[in-house]
Trainee: 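Before we start, here is the structure in question, set down as structure tokens.
What you see below is based on every heavy atom in this structure, not just the backbone, and it leaves out hydrogens, waters and symmetry mates. Letters A, B, ... mirror the listed sequences (proteins, then strands); counts begin at 1.
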Amino acid sequence: MRGNRKRSSNSAGLTDIHRRLFGAFGPQHWWPGDTQLEIAVGAILTQNTAWSNVEKAIAVLKSHRLLTLERLTPLSPTEIAPLIRSAGFYNIKAARLAAFLGWLKSTGGFAGLRRIPTAELRAQLLACHGIGPETADSILLYALSRPVFVVDTYTRRILSRYGLIVGDEHYDTLRAMFESTLPRSTRLYNEYHALLVRLAKTNCRSQPSCDSCPLA
DNA sequence: GCCCAGGTGTTTC
DNA sequence: GAAACACATGGG
């Protein structure tokens, strides 16, 4: 009962937010990354970290010609850590990258993932040490083109400010809210999340009011 | 110098 | 479960 009422208002709200953001910013053609591996690596490195710091680490990996599965997978966390120093939490993230790469190797690389259903793929990603719901969904959506909505800090902050959520809902609750009210579309989820990030980076932040905000 | 940034795992109550 | 904490760099 309460859920239905909430869902219908969210449906209009979520669609409205997308319409306004798309009108203001246009298509984003996201995620910043040239290959599936680069996108997945970026998704892990950006955990609680500014993207500008992640870019530096990616550049170091690229400069060493290490951004391929063949070259990166054999490296130990100890070898990876100094290379990704600028991304912060480098010891933790080196171990997480190694765990992810180990899993990826066991499945036969990105090509081997194509036959795995999205729900199963998500479960396997979450089973990797250091890959939580946001990182898993970022990889699913942006590296693997699966229709999964990514909920991040920006999503919470903006929706909370817009009054659609309280802000402390569980991750899967918010993901389900998007996925059950919007058409199931990789393209749409990709653009929508990218637009939320664009808004967060462009202006407003936590300001109580902002005249130039498309959601004002 | 302080605060924050596209989280996650562990520990503790 | 949920709250507190560790993990670390770089820019404002």
Side-chain angles (χ1 to χ4, degrees), chain A residues 17-18 21 25 28-34 36-61 63 77-103 122-144 146 148-162 165-175 177-178 186 188-207 210 215:
Chain A
I17 286 178
H18 180 260
L21 293 178
F25 299 127
Q28 299 299 297
H29 307 299
W30 224 45
W31 166 296
D34 298 333
Q36 288 181 298
L37 178 62
E38 185 177 336
I39 293 168
V41 168
I44 291 171
L45 292 184
T46 199
Q47 291 172 350
N48 201 43
T49 298
W51 183 255
S52 58
N53 287 351
V54 176
E55 284 182 316
K56 293 178 171 57
I58 297 263
V60 170
L61 291 173
S63 73
T78 309
E79 292 170 308
I80 295 175
L83 300 167
I84 60 170
R85 187 176 179 280
S86 70
F89 304 138
Y90 48 82
N91 289 314
I92 296 272
K93 288 175 180 175
R96 291 177 179 178
L97 279 177
F100 169 74
L101 291 167
W103 166 76
R122 187 169 196 270
Q124 289 194 25
L125 280 166
L126 289 174
C128 283
H129 189 85
I131 295 191
E134 183 185 330
T135 306
D137 291 345
S138 293
I139 292 172
L140 286 168
L141 179 64
Y142 289 106
L144 305 176
R146 304 296 180 110
V148 176
F149 201 94
V150 177
V151 177
D152 61 8
T153 302
Y154 294 153
T155 312
R156 281 181 193 277
R157 186 183 304 153
I158 293 167
L159 264 59
S160 173
R161 194 178 142 215
Y162 199 53
I165 64 172
V166 174
D168 62 352
E169 290 85 351
H170 287 175
Y171 183 96
D172 284 329
T173 300
L174 295 181
R175 185 171 66 92
M177 188 178 100
F178 279 94
T186 295
L188 172 63
Y189 295 172
N190 180 322
E191 287 290 346
Y192 201 150
H193 179 242
L195 284 165
L196 289 173
V197 175
R198 172 67 182 273
L199 173 67
K201 290 190 171 181
T202 301
N203 55 27
C204 306
R205 297 281 174 168
S206 55
Q207 305 302 320
C210 169
L215 302 184

Trainee: Please table the atom pairs, donor to acceptor, closer than 3.5 Å between any side-chain atom in residues 81-90 of chain A and protein atoms at least two apart or in another chain.
Mentor:
from    : atom 1 : to      : atom 2 : distance (Å)
A:Ser86 : OG     : A:Asn53 : O      : 3.0
A:Ser86 : OG     : A:Ala57 : N      : 3.1

Trainee: Where is the tightest heavy-atom contact between A:Ala143 and A:Ala40, given as atom of each residue plus distance?
Mentor: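 Heavy atoms of A:Ala143 and A:Ala40 come nearest at CB-N, 4.5 Å.
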Trainee: In whole angstrom, give the distance that lies between atom CG of A:Asp152 and atom P of B:dG7.
Mentor: 6 Å
Trainee: Show the nearest heavy-atom pair for residues A:Leu141 and A:Arg146, with the distance to one decimal.
Mentor: CD1-O, 3.3 Å
Trainee: Do the non-hydrogen side-chain atoms of A:Arg96 and A:Pro77 ever get within less than 4.5 Å of each other?
Mentor: no
Trainee: Please find the pair of heavy atoms, one from A:Met177 and one from A:Leu159, that lie closest to each other, and give the distance.
Mentor: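 Heavy-atom minimum between the residues: CE-CD2, 3.6 Å.
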Trainee: What nitrogen or oxygen pairs link the protein and nucleotides 2-7 of chain C at under 3.5 Å?
Mentor:
from  : atom 1 : to       : atom 2 : distance (Å)
C:dA2 : OP2    : A:His170 : NE2    : 3.2

Trainee: Does A:Tyr171 have any side chain to side chain donor-acceptor pair (under 3.5 Å) partners at least two apart in sequence or in another chain, and if so, which?
Mentor: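 Once residues adjacent in sequence are excluded, the partners of A:Tyr171 under the side chain to side chain donor-acceptor pair (under 3.5 Å) criterion are A:Asp137.
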Trainee: Between the main-chain N or O of A:Gly42 and the side-chain N or O of A:Thr46, is there a donor-acceptor pair closer than 3.5 Å?
Mentor: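 Checking the backbone N and O of A:Gly42 against the side chain of A:Thr46, no donor-acceptor pair under 3.5 Å is found.
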Trainee: For a quick test of reading the model: is some side-chain N or O of A:Thr49 closer than 4.0 Å to OP1 or OP2 of B:dG7?
Mentor: no
Trainee: Contact list please: residues 128-139 of chain A against DNA chain B, heavy atoms, distance less than 4.0 Å, in numerical order.
Mentor: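 The stretch gives A:Cys128, A:His129, A:Gly130, A:Ile131, A:Gly132, A:Pro133, A:Glu134, A:Thr135 as the residues lying under 4.0 Å from the strand, ordered by number.
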Trainee: Test of understanding: with salt bridge (charged side-chain N to carboxylate O under 4.0 Å, His left out), list the residues that count as partners of A:Asp34, not counting sequence neighbours.
Mentor: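 Only A:Lys62 meet the salt bridge (charged side-chain N to carboxylate O under 4.0 Å, His left out) criterion with A:Asp34.
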Trainee: Within this structure, what is the CZ-to-C1' distance between A:Arg156 and B:dG7, rounded to whole angstrom?
Mentor: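 Rounded to whole Å, this separation is 11 Å.
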Trainee: On a whole-Å scale, what distance lies between the P atoms belonging to B:dT11 and C:dA8?
Mentor: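 Their P atoms lie roughly 16 Å apart.
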Trainee: How many angstroms lie between CZ in A:Arg156 and CG in A:Leu174, if you round to the nearest 0.5 Å?
Mentor: 5.0 Å
Trainee: Output a table of nitrogen or oxygen pairs between the protein and nucleotides 10-12 of chain C separated by less than 3.5 Å.
Mentor:
from   : atom 1 : to      : atom 2 : distance (Å)
C:dG10 : O4'    : A:Asn53 : OD1    : 2.9
C:dG10 : O4'    : A:Asn53 : ND2    : 3.1
C:dG11 : OP1    : A:Lys56 : NZ     : 3.1

Trainee: Quick one: sort the A:Tyr189 and A:Phe149 rings into parallel, tilted or perpendicular, breaks at 30° and 60°.
Mentor: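 Correct class here is perpendicular.
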Trainee: Would you kindly give the NZ-to-P distance between A:Lys201 and B:dA5, to the nearest whole Å?
Mentor: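 The distance from NZ of A:Lys201 to P of B:dA5 comes to 12 Å, rounded to the nearest Å.
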Trainee: Please report the distance, rounded to the nearest Å, between CH2 in A:Trp51 and P in C:dA8.
Mentor: 19 Å
Trainee: Quick one: A:His193 NE2 to B:dG7 C1', roughly how many Å, whole number?
Mentor: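 Answer to the nearest Å: 13 Å.
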Trainee: Just how far, in rounded Å, is C1' of B:dG9 from CG of A:Leu97?
Mentor: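 The distance from CG of A:Leu97 to C1' of B:dG9 comes to 16 Å, rounded to the nearest Å.
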Trainee: From CG of A:Leu125 over to C1' of B:dG7, roughly how many Å is that when rounded to an integer?
Mentor: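 To the nearest whole Å, that distance equals 15 Å.
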Trainee: Give me the atom names and distance for the closest heavy-atom approach of A:Leu45 to A:Val54.
Mentor: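 That closest heavy-atom pairing would be O-CG2, 3.6 Å.
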Trainee: Taking CG from A:Leu45 and C1' from B:dA5, how many angstroms apart are they, rounded to a whole number?
Mentor: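 Checked: the CG to C1' distance equals 14 Å.
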